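In this text, all values refer to a predicted model and were calculated from it rather than measured experimentally. Labels below follow one simple rule: chain letters A, B, ... track the order of the sequence lines, proteins then strands, and each chain is numbered from 1.
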Protein chains: 2
Amino acid sequence: MNLVYKALADPTRRKILELLRERDLSAGEIASHFSLAKPTLSGHFSILKAADLIQADKVGTTIIYHLNISVLEESLLSLMNTFNLPSPQSFNSVEDVNE
Amino acid sequence: MNLVYKALADPTRRKILELLRERDLSAGEIASHFSLAKPTLSGHFSILKAADLIQADKVGTTIIYHLNISVLEESLLSLMNTFNLPSPQSFNSVEDVNE
DNA sequence: TTGCTATTTTGCTAAATACCGAAATAGATG
DNA sequence: CATCTATTTCGGTATTTAGCAAAATAGCAA
């Protein structure tokens, strides 16, 4: 989990995830949204991959990145649970709350 | 918001927040849960304070730290919204979903 | 094969981070 | 006042991080 939280701590990486939430994008398409060198972005991709937040698929000479939305969702819910904060899960069983 | 996400990226700081979720604690009480030097913990407190995640109240010679649970909650919900992930807010108006 | 395009890997800096011990601060107490 | 306790601030080091340009890789196409 720590890799995920570390990955989310950087604004550039959060922006990358936001872009990928809309649709899959190639490394170059993602890079075009930033004024950072491509190797720099490539480094961010590695970090996001290591955290399992994104997935890479090579199509010919381009690499298409895809957001692992479930990993992101589970990580954030797990963090909410850590702090006993209300999350969709909290609504699972009203009975538990009342007894 | 970035200060919050940066603050949450460190495991020691997340642990501090978890401890404070149970009850308010003095700097020394918190320190007793870690094998880190007090100046190191004090540095973590500053970072959490700068992110407005905790609050410090001086009582005599001791400092009592208190978790700002609402700030933590709003930050995490805001992150979930950023990625269009389901959160309690999503349930606010079923009408919006249906029209 | 040669060359073109997309991307990563390498090698390098500068800045940020986490840590520590020693010194400083501040409130309470004899 | 002198001292004790709780905590922070200071000064320093080691590690990690984010950035870049240049070189390497890999697939495609002429």
Side-chain angles (χ1 to χ4, degrees), chain A residues 1-20 22-68 72 75 79, chain B residues 1-20 22-68 72 75 79:
Chain A
M1 282 295 173
N2 199 36
L3 284 181
V4 173
Y5 304 138
K6 282 273 182 59
L8 291 175
D10 183 271
T12 298
R13 288 192 290 268
R14 287 198 303 275
K15 184 84 181 298
I16 292 171
L17 296 179
E18 279 187 63
L19 291 171
L20 291 176
E22 298 301 333
R23 60 184 184 86
D24 294 357
L25 291 170
S26 71
E29 287 173 322
I30 296 172
S32 75
H33 287 84
F34 298 88
S35 51
L36 293 173
K38 285 181 179 178
T40 300
L41 269 302
S42 185
H44 286 305
F45 300 152
S46 306
I47 290 169
L48 291 170
K49 257 187 295 180
D52 201 29
L53 284 168
I54 65 174
Q55 205 181 308
D57 287 292
K58 196 162 202 166
V59 177
T61 178
T62 84
I63 297 179
I64 304 296
Y65 283 106
H66 171 83
L67 176 63
N68 283 343
L72 178 58
S75 304
L79 195 53
Chain B
M1 281 293 176
N2 199 37
L3 283 182
V4 173
Y5 304 138
K6 281 273 182 59
L8 291 175
D10 184 89
T12 298
R13 288 192 291 267
R14 286 197 302 274
K15 184 84 181 299
I16 292 172
L17 296 179
E18 278 187 63
L19 291 170
L20 290 177
E22 299 301 332
R23 60 186 185 85
D24 293 358
L25 292 170
S26 72
E29 287 172 323
I30 296 173
S32 74
H33 287 83
F34 298 88
S35 51
L36 292 172
K38 286 182 179 175
T40 300
L41 268 302
S42 185
H44 286 305
F45 300 152
S46 306
I47 290 169
L48 290 170
K49 256 187 295 179
D52 201 31
L53 284 168
I54 65 175
Q55 206 180 306
D57 288 292
K58 197 161 202 166
V59 176
T61 180
T62 83
I63 297 178
I64 304 296
Y65 283 105
H66 171 83
L67 177 63
N68 285 343
L72 178 58
S75 304
L79 195 52

query = In whole angstroms, how far is the C1' atom of dC19(C) from the CD1 atom of Ile16(B)?
reply = 14 Å

message = What's Tyr65(A) touching, base or sugar-phosphate or nothing? Going by heavy atoms closer than 4.0 Å.
response = sugar-phosphate

inquiry  = Test side chain to side chain contact (heavy atoms under 4.5 Å, CB included) on Leu20(A) and Leu53(A); report intermediate values, then the result.
reply    = CA-CA 10 Å; Leu20(A) 291 176; Leu53(A) 284 168; over 6 Å; no

inquiry  = Has Arg14(B) got a side-chain atom pairing as donor or acceptor with Leu8(B)'s backbone, closer than 3.5 angstrom?
reply    = yes

key: Nearest-angstrom distance from the residue atom CD of Glu29(A) to P of dT5(C)   = 17 Å

message = Just N and O in the side chain of Ser26(B): are any of them under 4.0 Å from OP1 or OP2 of dT7(D)?
response = yes

query = Under a 4.0 Å heavy-atom cut-off, which of residues 37-49 of chain A touch DNA chain D?
reply = Ala37(A), Pro39(A), Thr40(A), His44(A), Ile47(A)

task = Please determine, for the side chain of Lys6(A), which listed nucleotide (dT17(D), dG27(C), dT8(C)) has the closest atom?
result = dT17(D)

Whole-Å distance separating the CG atom of Asn2(A) from the P atom of dT17(C) = 15 Å

remark   = Picking from dC20(D), dG27(C), dT5(C), the nucleotide nearest the side-chain atoms of Lys58(B) would be dG27(C)

ask   = So, the side chain of Tyr65(A) versus the backbone of Lys49(A): is there a donor-acceptor pair under 3.5 Å, distance only?
value = no

key: Between C1' of dA26(C) and CG of Asp57(B), the distance in whole Å   = 16 Å

ask   = Of the non-hydrogen atoms in Thr12(A) and Asp10(A), which two are nearest, and what is the gap between them?
value = N-OD1, 2.9 Å

query = Through what angle, rounded to 10 degrees, does the axis of the helix from dT1(C)-dA30(D) to dG30(C)-dC1(D) turn between its ends, using five pairs per end?
reply = 0°

task = Please report the shortest heavy-atom distance between Arg13(A) and Ala7(A), naming the atom on each side.
result = NE-O, 2.9 Å

key: For atom CG of Asp10(B) and atom P of dT17(D), their distance in whole Å   = 11 Å

Side-chain donor or acceptor of Asn68(A) paired with backbone N/O of Asp52(A) under 3.5 Å = yes

inquiry  = side chain to side chain contact (heavy atoms under 4.5 Å, CB included) for Ile63(B) and Phe45(B)? Distances and angles first, verdict last.
reply    = CA-CA 11 Å; Ile63(B) 297 178; Phe45(B) 300 152; over 6 Å; no

ask   = For DNA chain C, whose closest nucleotide is more 5', that of Ile63(A) or that of Arg13(B)?
value = Ile63(A)

inquiry  = Return whichever of Thr61(B) or Thr12(A) has its heavy-atom-nearest nucleotide of DNA chain D closer to the 5' end.
reply    = Thr61(B)

query = What is the minimum heavy-atom distance between Ala51(A) and Val4(A), and which atoms define it?
reply = O-CG2, 3.6 Å

query = Does any non-hydrogen side-chain atom of Glu29(B) lie less than 4.5 Å from one of Arg23(B)?
reply = yes

